[in-house]
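Everything below concerns the one structure shown next.
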Amino acid sequence: MKTRKSAMKLALCGMMAALTVVLMLFEGLVSVASVAVPAIAGCLLIPVVAHGGLGYGFAAYGAAGLLCLLLAPDREAALIYLLFFGYYPVLYAVLSKLKKPPLLWGAKLLIFNAAAIAEAMLAVWVLGVPVEEFTSLPFVGAWGPAVLLALANVVFVLYDRVLAGLITQYYRRFFDKMSRYF
């Protein structure tokens, strides 16, 4: 029985990784969603973490991230998934164990900002995105990167709240029904 449950968890892991890759492939058709699609794709790991735990969650993230880097037509979206949105729903389970809100939000914002800065630097140095995309914003001039990072932090806080709601709804509506298989 234990082998069957492990096989079911592994199958869920593989299906969610495959669905993530398919979603990232569709992102190439509508290139205006290069941040939204990786964010949605990361949410597909909620059932994997809920039923399989952190190990299965990181395994699904690793498989999906590698395949996205190899197959996704939009390399920047794949990089965004790989550097933040892919692992954050898995890491959310670890971070939620921090009980003091200032410590929790400090850790979340530190992780996000490190990932956002790393993504911007890799986009410029590896993918060849022109630096002017970050520095030539109208009305802000040289403050462009700081303004973009501040706006990204606002969007991250909203994403974190939405992710918390999705996790809560998953546990309320689907966890018990799915648990009999795992």
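On a predicted model such as this, the values are computed, not experimentally measured, just so you know. Hydrogens, waters and symmetry mates play no part in the numbers below; they use all other heavy atoms, side chains included.
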Exercise. Looking at Ala50 and Tyr170, what are the two nearest heavy atoms and their distance?
Worked result: CB-CE2, 3.8 Å
Problem set entry | Spatial distance of atom CD1 (Ile167) from atom OG (Ser96) [nearest 0.5 Å] | 7.5 Å
Problem set entry | In one Ile/Leu/Val/Met/Phe/Trp/Tyr side-chain cluster, 4.5 Å: Val94, Leu98 | yes
For this session: Could you check if a side-chain atom of Pro47 sits within less than 4.5 angstrom of a side-chain atom of Met178, using non-hydrogen atoms only?
Result: no
Exercise. Applying the 4.5 Å side-chain criterion to the ILVMFWY set and letting contacts propagate, would Leu19 and Leu67 be lumped into a single cluster?
Worked result: no
Exercise. Using the ring of each side chain (for Trp, its six-membered ring), is Phe156 parallel, tilted or perpendicular to Trp105, with breaks at 30° and 60°?
Worked result: perpendicular
Exercise. So do Tyr87 and Ile111 actually touch side chain to side chain, heavy atoms under 4.5 Å?
Worked result: yes
For this session: Could I get the full list of salt bridge (Lys or Arg N to Asp or Glu O under 4.0 Å) partners for Lys9, not counting sequence neighbours?
Result: none
Exercise. side-chain contact (heavy atoms from CB on, under 4.5 Å) between Met24 and Tyr81: does it pass, once the steps are laid out?
Worked result: CA-CA 9 Å; Met24 293 296 286; Tyr81 177 82; 3.9 Å; yes
For this session: Please round to the nearest 0.5 Å and tell me the distance separating atom CG of Leu45 and atom CG of Leu163.
Result: 10.0 Å
Problem set entry | Any donor-acceptor N/O pair, Glu27 side chain to Ser34 backbone, under 3.5 Å | yes
Exercise. Do you know the tightest heavy-atom contact between Gly42 and Pro89?
Worked result: O-CG, 3.1 Å
For this session: Any chance you could measure Tyr181, atom OH, to Arg4, atom CZ, to the nearest 0.5 Å?
Result: 9.0 Å
For this session: Report the distance from atom CZ of Phe85 to atom CD1 of Ile80, rounding to the nearest 0.5 Å.
Result: 7.0 Å
Exercise. Do Leu12 and Leu166 belong to the same hydrophobic cluster, where Ile, Leu, Val, Met, Phe, Trp and Tyr are linked whenever their side-chain heavy atoms lie under 4.5 Å apart, directly or via other members?
Worked result: yes
Problem set entry | Single-linkage hydrophobic cluster Met121~Phe84, side-chain heavy atoms < 4.5 angstrom | no
Problem set entry | Test item: Gln169 and Phe174 side chains (from C-beta on) under 4.5 Å apart, heavy atoms | no
For this session: Give, for atom CE of Met16 and atom SG of Cys43, the distance between the pair rounded to the nearest 0.5 Å.
Result: 11.5 Å
Exercise. What are the two closest non-hydrogen atoms of Leu44 and Val48, and how far apart are they?
Worked result: O-CG2, 4.4 Å
Exercise. Which atoms form the tightest heavy-atom contact between Leu82 and Gly65, and what is the distance?
Worked result: CD1-CA, 3.8 Å
Problem set entry | Within-4.5 Å side-chain heavy-atom neighbours: Val49 and Tyr56 | no
For this session: Would you mind reporting whether Leu104 and Lys100 have side-chain heavy atoms less than 4.5 Å apart?
Result: no
Exercise. Under a single-linkage definition using a 4.5 Å side-chain heavy-atom cutoff for Ile, Leu, Val, Met, Phe, Trp and Tyr, are Val147 and Leu109 assigned to the same hydrophobic cluster?
Worked result: no
For this session: Tell me yes or no: between the side chains of Tyr88 and Asp160, is some donor less than 3.5 Å from an acceptor?
Result: yes
Exercise. At their closest point, which heavy atom of Ala118 faces which heavy atom of Leu83, and how far apart are they?
Worked result: C-CD1, 4.0 Å
For this session: For residues Pro38 and Ala77, report the shortest heavy-atom separation together with the two atoms involved.
Result: CG-O, 3.4 Å
Exercise. Do other residues, nucleotides or ligands put more than 12 heavy atoms under 6.0 Å from Arg173 CZ?
Worked result: no
Problem set entry | Flag side-chain contact, heavy atom, 4.5 Å: Thr20 against Tyr61 | no
Exercise. Is His51 close to Met8 at the side-chain level, that is, under 4.5 Å between some pair of heavy atoms?
Worked result: no
For this session: State the CG-CG distance between Leu122 and Leu79, to the nearest 0.5 angstrom.
Result: 5.5 Å
Exercise. When you measure from the side chain of Arg180 to the backbone N and O of Lys177, does any donor-acceptor pair fall under 3.5 Å?
Worked result: yes
